[in-house]
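Structure record follows, encoded as structure tokens.
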Amino acid sequence: MSEMTNPYWWEAAPPAALPPADLPAHAEIVIIGAGFTGLSAAITLARAGRDVVVIEKGKIGEAASARNGGITSGNLRYDYHQLCKRFGSEKADAIEAESFAARADLHRFITEENIDCDYHDCGRMVGLYSTDNQDNITAELARIEARYGVKGHYVPPSELSDYTASTHYTAGLFRDDIGGIHPAKLLHEMKRIALEAGAKIFTQTAITGMVREGADFTLVASNQIAAHHSLTAEHVIAATNAYTDRALPWLKRRLVPVISEIIVTEQLGRNQVRALMPKLSMFGEARRIGYYYRPTPDGNRILLGGRRLKHTDKAAKSLLHEGLAGLFPELADAQIDHYWSGFVAFPFDQTPKLAVHDGVIYPCGYCGSGTVWARWMGQKAAMMILGTDATSAFARMPMRSMPFYFGGFDSDSPWFARLAISYYRLRDMISPLKSG
Ligand SMILES: Cc1cc2nc3c(=O)[nH]c(=O)nc-3n(C[C@H](O)[C@H](O)[C@H](O)COP(=O)(O)OP(=O)(O)OC[C@H]3O[C@@H](n4cnc5c(N)ncnc54)[C@H](O)[C@@H]3O)c2cc1C
């Protein structure tokens, strides 16, 4: 592992391969990808007694699901009023309701399955850059409490120090329904549950092609046992999200992979971490391109993440450290023990997707908030096949591409993604967001 690709989470839960085994010639359902999306779909389908085969190109835990910040944000890129403008109030209500249901369902899943993934029900604070919007924020929090029973409050300047030692913000917005997990531990527990339910998982096996023949699909899989193994299936769920490769060209053209990256400090000790973040909660910022940060589950270190703004790993790591020192000047000289990056996927309309094209189900496009969305959409994709509770506000929403865009995470983020990041940074400077 390169010094520059050193995910903190992998110390306790490293990527894992399953023993190589012969692939079947037929499966009722093939799921491509074993991240949160694919394993969630596998659990739901296998528990319903279906014949499920999951095919994962790498080891389990090498892609986004075990690289993320572990904040159960379940964010949407648009607030409720923007959703109403885009989709009308009925659809906006359904989308918003699903975002609350998805987060609550992740917390239910972790609790009911007794999953050891350092789940910390600690709430999240969004740092604000202005006090102008207090009345609107308070009204909005009252609306979501009345509708979803979720509690939150405006944090006035005089109470900021109860949440953070940083003097970077003017005020805050605290919600108690968002918490933190150890994402790699959750992922490996999902693998265990899927296997126990009867799903067959093949790692280090790539799907390299797929054609539809009548009602069925023929997929080509490749691994160290067989370079070209033909496998038929009645249903396919493509759970490859930002890591979609040329085997799924329709999806590749419709997702923009964007680099996201994280640093974790050296052990600061619990006293220092608590002095900086007294409630040990999760943090975000009211910016289009802001940082998110949190204590590590042991309370000894601070993890901070953001979008890639520099071309080289070294410069990107330094910039994140500068961001951390901007929040907490006492950490300017702290050693950074871990730095890594990964890809998140944006559809062109920046709304999560449960698309269906030519019979294949594509749950994807979580815009960097997949800890909640990926598990939810995987489950919903499975329910589409089972025909049970398949209703989702996202089901079959159109998914567009753009001319001359071919996608792919193996190249650098496309020019328009870099342009969009610069544009959003500029807008953050001129007009910061008024809420989180
Ligand atoms: C640095 C970083 C920080 C993040 N922070 C947060 C956060 O704090 N909160 C949050 O909610 N979200 C966060 N996210 C986003 C979140 O991690 C993702 O949205 C989520 O994990 C997506 O899950 P997934 O299962 O869809 O995709 P992945 O976990 O990426 O899994 C896709 C899998 O498909 C496999 N695959 C691809 N092509 C093929 C093929 N041809 N054959 C077989 N297998 C294939 C890949 O190998 C991969 O394992 C972050 C992401 C990153 C990278």
Side-chain angles (χ1 to χ4, degrees), residues 5 7-9 15 30-42 53-75 102-103 106 124 178-181 183-184 186-187 190-191 201-210 219-223 236-249 251-252 255 257-263 282-284 291-294 303-308 316 320 339-346 352-353 362-378 381 408-410:
T5 302
Y8 170 75
W9 309 118
V30 168
I31 298 170
I32 312 172
F36 289 144
T37 306
L39 292 177
S40 169
V53 164
V54 182
I55 309 249
E56 166 53 54
K57 187 158 85 170
K59 294 180 179 173
I60 292 180
E62 277 181 332
S65 295
R67 286 175 182 265
N68 65 65
I71 302 179
T72 65
S73 54
N75 281 346
R103 189 180 307 103
L106 173 63
R124 184 193 63 173
I178 296 171
I181 56 162
L186 174 62
L187 187 73
M190 288 175 68
K191 170 193 70 186
I201 304 178
F202 297 85
T203 54
Q204 297 180 307
T205 302
I207 292 297
T208 54
M210 173 171 61
L219 299 106
V220 180
S222 172
N223 62 19
V236 175
I237 297 176
T240 52
N241 200 42
Y243 289 79
T244 300
D245 62 19
R246 67 181 65 174
L248 298 168
L251 183 60
K252 193 163 167 267
L255 287 176
V258 170
I259 301 175
S260 194
E261 53 193 0
I262 290 180
I263 51 170
M282 308 287 123
F283 280 81
Y291 295 118
Y292 52 89
Y293 50 102
R294 57 170 291 179
L303 172 156
L304 175 135
R307 296 274 179 271
R308 166 66 69 97
L320 287 180
Y339 163 81
W340 69 96
S341 62
F343 290 92
V344 297
F346 284 75
K353 291 287 174 292
Y362 294 96
C364 60
Y366 316 121
C367 304
S369 289
T371 298
V372 165
W373 283 119
R375 199 197 69 87
W376 177 260
M377 291 298 194
F409 67 94
D410 23 20

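Remember, it's 1-based here, ligands and their atoms both numbered in the order they're listed. Values below: all heavy atoms of this structure, side chains included; hydrogens, waters and symmetry mates excluded. For the single chain, residues carry numbers from 1 onward in sequence order.
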## Note on the structure
So the atoms of ligand 1 within less than 4.0 Å of a heavy atom of F36 turn out to be 21 (O), 25 (O)

### S260 neighbourhood, listing ligand 1 atoms whose heavy-atom distance to it stays under 4.0 Å
1 (C), 2 (C), 3 (C)

### Query
Is R67 in polar range of ligand 1, meaning some N or O pair under 3.5 Å apart?
no

### Query
At a 4.0 Å threshold, what atoms of ligand 1 neighbour a non-hydrogen atom of S369?
10 (C), 11 (O), 12 (N)

### Query
What do you reckon, does A64 have a nitrogen or oxygen under 3.5 Å from a nitrogen or oxygen of ligand 1?
yes

### Polar contact flag for I207 and ligand 1 (N/O pairs, less than 3.5 Å)
yes

#### Entry: Protein contact of atom 47 (O) of ligand 1 - nearest heavy atom, named by residue and atom, plus distance
E56 OE2, 2.6 Å

#### Entry: Nearest neighbour of atom 25 (O) of ligand 1 from the list N241, N223, T37, on a heavy-atom basis
T37

#### Entry: Protein contact to atom 5 (N) of ligand 1 [nearest heavy atom, distance to 0.1 Å]
G69 N, 3.0 Å

### Task
Using non-hydrogen atoms of the residue, decide whether G70 is closer than 4.0 angstrom to ligand 1.
yes

### Message
Yes or no: does D245 have any heavy atom under 4.0 Å from an atom of ligand 1?
### Response
yes

### Task
Flag the pair I262 / R67 as yes when at least one side-chain heavy-atom distance between them is below 4.5 Å, and no otherwise.
no

### Query
Which one holds for W373 and ligand 1: side chain close, backbone close, both close, or neither close, with close meaning a heavy atom under 4.0 Å?
neither

### Summary
The protein heavy atom nearest to atom 21 (O) of ligand 1 is S65 OG, 2.9 Å

### Query
Is the shortest N/O to N/O distance between G370 and ligand 1 below 3.5 Å?
yes

### Task
Give the contacting part of V344 toward ligand 1: side chain, backbone, both or neither, where contact means a heavy-atom distance below 4.0 Å.
side chain

#### Entry: Polar proximity ligand 1 side, V372 side, N/O cut 3.5 Å exclusive
no

### Query
For the side chain of R294 and the backbone of G70, is there at least one donor-acceptor N/O pair under 3.5 Å apart?
yes

### Message
Is there a side-chain contact between M377 and C364 in this structure, where contact means two heavy atoms from C-beta onward sitting under 4.5 Å apart?
### Response
no

### Message
Is there a polar contact between ligand 1 and K57, counting only N or O atoms under 3.5 Å apart?
### Response
yes

### Message
For the 3.5 Å polar cut-off, considering only N or O atoms, please tell me whether T371 and ligand 1 meet it.
### Response
yes

## Note on the structure
What one should report as the nearest heavy-atom pair of L106 and T371 is CD2-O, 3.7 Å

### Message
If we ignore hydrogens and angles and just use 3.5 Å, is the side chain of R103 paired with the main-chain N or O of T72 as donor and acceptor?
### Response
yes

### Message
If we ignore hydrogens and angles and just use 3.5 Å, is the side chain of T203 paired with the main-chain N or O of I60 as donor and acceptor?
### Response
no

### Query
Quick one: does Y243's side chain have a donor or acceptor within less than 3.5 Å of a partner on F343's backbone?
yes

### Message
Checking the side chain of N223 only, and the main-chain atoms of A206 only, is there a donor and an acceptor separated by less than 3.5 Å?
### Response
no

## Note on the structure
d(L303 CG, I71 CD1) to nearest 0.5 Å is 7.5 Å

### Test item: N241 and F36 side chains (from C-beta on) under 4.5 Å apart, heavy atoms
no

### Task
Do me a favour and list the nearest non-hydrogen protein atom to atom 14 (N) of ligand 1 with residue, atom name and distance?
N68 CB, 3.3 Å

### Message
Would G368 count as being in polar contact with ligand 1, using the rule that some N or O on each side must be under 3.5 angstrom apart?
### Response
yes

### Side-chain heavy-atom pair L186, R375 within 4.5 angstrom cut-off
no

### Message
Show the atoms of ligand 1 that are less than 4.0 angstrom away from any heavy atom in A206.
### Response
42 (N)

### Any N/O pair T205/ligand 1 closer than 3.5 Å
no

### Side-chain heavy atoms of K353 within contact of Y362, under 4.5 Å
no

### Query
Counting distance only, does the side-chain N/O of S341 pair as donor-acceptor with the main-chain N or O of E261 below 3.5 Å?
no

### Message
Give the atom numbers and elements of ligand 1 that come within less than 4.0 Å of a heavy atom of G33.
### Response
33 (C), 34 (O), 35 (C), 44 (N)

### Query
Which atoms of ligand 1 are found less than 4.0 Å from any heavy atom of I32?
40 (C), 42 (N), 43 (C), 44 (N)

### Message
At less than 4.0 angstrom from any non-hydrogen atom of Y366, what atoms of ligand 1 do you find?
### Response
19 (O), 26 (O)

### Task
Measure the distance from atom 3 (C) of ligand 1 to every protein heavy atom, then report the residue, atom name and distance (to 0.1 Å) of the closest one.
Y292 OH, 3.2 Å

### Summary
Numbered in order shown, the ligand 1 atoms found under 4.0 Å of a heavy atom of A239 are 32 (C), 33 (C), 34 (O)

### Task
Look at atom 39 (C) of ligand 1 and say which protein heavy atom is nearest, naming residue and atom and giving the distance to 0.1 Å.
T240 CG2, 3.7 Å

### Message
Tell me if a side-chain donor or acceptor on W373 pairs with a main-chain N or O of A102 at a distance below 3.5 Å.
### Response
no

### Message
Quick check: closest heavy atoms across L187 and G35, and the distance to 0.1 Å?
### Response
CD1-C, 3.6 Å

### Query
Between Y366 and T37, does any side-chain donor sit less than 3.5 Å from a side-chain acceptor?
yes

### Message
Would you call the rings of Y293 and F283 parallel, tilted or perpendicular, taking 30° and 60° as the class edges?
### Response
parallel

### Query
I71 to ligand 1: N or O pair under 3.5 Å?
yes

